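These notes are about the structure you will find just below.
Quick note on labels: first sequence line is chain A, next is B, and so on, each numbered from 1. Bear in mind the structure is a predicted one, so any value in this text is a computation, not a measurement.
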Amino acid sequence: MRFRAETIIQTLVAMLVFLTALMLTFGLFSRFSISDDDPYAIAAAEEHVRNIVCDFKSGKSRIDSEPGRDFTRTMEYEWGTITLTAAMYQGYSDLMQLTVSAKIPSIHKEIWRTALVEIAQDESFEVW
Amino acid sequence: MPSRIHIPASTLPAAMVASLLLLLTGVGVLMLWEMDFSSFARLNRNAQDEENIRSALTLYESHPEILPDYDEKVELQLFDDVEQSKIIIAKSMFGLYEKLSISSGSRSASFVMGLREPSDNAFTFYTPNRGSAVNLIGKSIVKGRMALPKNGVSYNIVDGEHFSGEKVNLKNARLAQQSITPPDADMNAIANAFMDGGITERAEIEEGADTIIVADVIEVKPGARLNAQLFARDSVIIGSNAVLEYPSGVYCRNVVLLEDGCEVNGYVIIPKADDENNPVFFRQGNDSVVRGLLYADGNAMICGKISGAAYISQLVYDSGRGRYSNILFNARIVENRNVAYPLWLSADRHRKKLKTMNAI
């Protein structure tokens with residue numbers, strides 16, 4: 001059997017390209033599947049968003065602004081910021097549309113929830 | 001002399017293979033990138049779908065008029081500025097409660113709904129104004145908003161038993177009408193519809209979950225534990241220490257007997273008898289509890305606890321040595337803000353979730 005030198009070089013080049021592509025794929029696969037997300041930041045943001053919505057729904061928290069006036073407030077956390085906006089819901093004086101948005105700058109992601117909250121009447125509450 | 005470049009034909013497939021590999025790698029990377037973003041977006045979307053369902057529930061609890069008809073699906077955009085806030089909502093009757101079904105995106109749930117307050121005026125205790133005062137004997141307690149006869153309450157002795165309970169705070173009392181609040185006409189018709197046609201003569205039950213039982217006579221065995229709404233033409237007997245779990249109920253046209261230590265969580269309703277000479281009768285054994293609404297448009301002997309609301313046409317007490325009227329003997333009637341009521345005295349009031357049937 002006789003091999004031409006040219007064929008061996010082609011095989012080596014193809015092998016090199018293939019291996020490089022394989023390394024690149026596996027490298028990127030692990031990078032994207034595990035992701036560069038900061039799990040702590042996402043979990044913390046998600047928990048904050050959920051807790052804020054729950055506190056408003058249960059009447060534990062309440063907006064301290066004139067009735068019918070829109071309300072916006074931003075809070076800083078070590079993982080990012082939370083913006084809370086509240087507005088009267090479609091003309092119902094007993095309901096409020098609450099939007100809570102958590103921005104995590106380190107991973108360019110945002111978690112948000114929009115919820116309908118019944119405006120608490122008499123219970124003790126934490127003023128925002 | 002011009003140089004001649006010699007490219008062998010075998011280079012072409014090698015170059016094609018390499019290009020294909022590079023292309024596949026690029027596509028794979030893009031897919032992974034997309035997958036990462038779409039999975040995060042999907043998580044966010046699912047969480048918002050769940051929030052939409054909870055928000056729709058809040059909207060319906062506060063404004064049930066958004067859903068005027070039973071068994072008709074309504075599509076709503078909950079929030080004008082949130083595209084993914086479309087919900088489909090529908091209600092149907094479930095005994096004397098409602099079943100509310102809501103879906104949003106890939107999520108859906110259903111709930112058993114009742115009223116936040118028993119009636120338009122939300123009384124905890126209502127007994128009509130027919131002159132005589134309500135006599136409290138033994139360890140009786142009445143707490144909450146109440147509608148009483150003109151002569152209010154008095155504290156008396158029956159068969160040597162003195163009053164030793166809590167005095168009634170009359171600041172919360174109003175003058176009652178001459179009869180108890182009548183049921184909502186539509187709800188009365190719905191309850192009556194259960195009795196139409198041929199029904200089982202007698203039902204003895206000891207288990208059940210979210211069931212509706214209709215019979216002439218219904219007996220819940222002692223110690224049984226179930227979740228059911230019972231509709232009876234003649235009588236209902238709840239055995240000692242049996243528990244009808246929240247939200248359950250008893251609707252009966254004639255006699256309801258609660259034996260010692262039993263619990264009905266939901267309602268006990270005995271509407272006015274067709275024959276006025278043969279009034280309906282409710283009798284509650286010692287230490288038994290009705291948590292929710294007791295509505296008896298006839299004679300009622302209360303010897304246990306009503307936690308919620310009691311609308312009673314005629315209070316009676318049978319000591320064994322005599323039968324007395326307008327007596328509460330060792331009875332406790334107290335308000336309870338944690339329960340929801342059946343759609344009986346009003347169907348237009350604010351709603352309250354009693355139970356999640358199918359979780360989100």
Quick one: closest heavy-atom pair of [X] and [Y], and the distance?
X: Q48(B); Y: R113(A); result: OE1-CA, 3.2 Å
X: S55(B); Y: A115(A); result: OG-CA, 3.4 Å
X: T114(A); Y: E51(B); result: O-CG, 3.5 Å

Legend entry - D94(A) side chain vs H63(B) backbone, donor-acceptor pair below 3.5 Å: no

Inset, instruction - Could you tell me whether E61(B) and K57(A) make a salt bridge, using a distance below 4.0 angstrom between a side-chain N and a carboxylate O? - result: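 Judged by the 4.0 Å cut-off on N to carboxylate O distance, E61(B) and K57(A) do not form a salt bridge.
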
Legend entry - Under 4.5 Å from a heavy atom of chain B, the part of V13(A) involved: neither

Legend entry - Greatest number of heavy atom pairs closer than 4.5 Å to chain A - which of L57(B), N44(B), N52(B):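 Of the options given, most contacts go to N44(B).
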
Taking everything shown except [X] itself, do over 12 heavy atoms lie less than 6.0 Å from its [atom1]?
X: M93(B); atom1: CE; answer: yes
X: K86(B); atom1: NZ; answer: no
X: K355(B); atom1: NZ; answer: yes

Inset, instruction - Spell out the residues in residues 75-84 of chain B that have some non-hydrogen atom less than 4.5 Å away from a non-hydrogen atom of chain A, in order of number; otherwise answer 'none'. - result: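 Contacts with chain A: Q77(B), L78(B), F79(B), D80(B), D81(B), V82(B), Q84(B).
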
Legend entry - Interatomic distance, Q90(A) atom CD to L59(B) atom CG [nearest 0.5 angstrom]: 7.5 Å

Inset, instruction - Hey, could you give me the CD1/OH distance between I66(B) and Y92(A), rounded to the nearest 0.5 Å? - result: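 The OH atom of Y92(A) is 6.5 Å from CD1 of I66(B), to the nearest 0.5 Å.
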
Legend entry - Most contacts with chain B, counted as non-hydrogen pairs under 4.5 angstrom, among E46(A), R50(A), E110(A):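 Going by pairs under 4.5 Å, I would pick E110(A).
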
Inset, instruction - Just give me the residue among L95(A), T20(A), T99(A) that pairs up with chain B most often, heavy atom to heavy atom, under 4.5 Å. - result: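 Sorted descending by pairs with chain B, the first entry is L95(A).
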
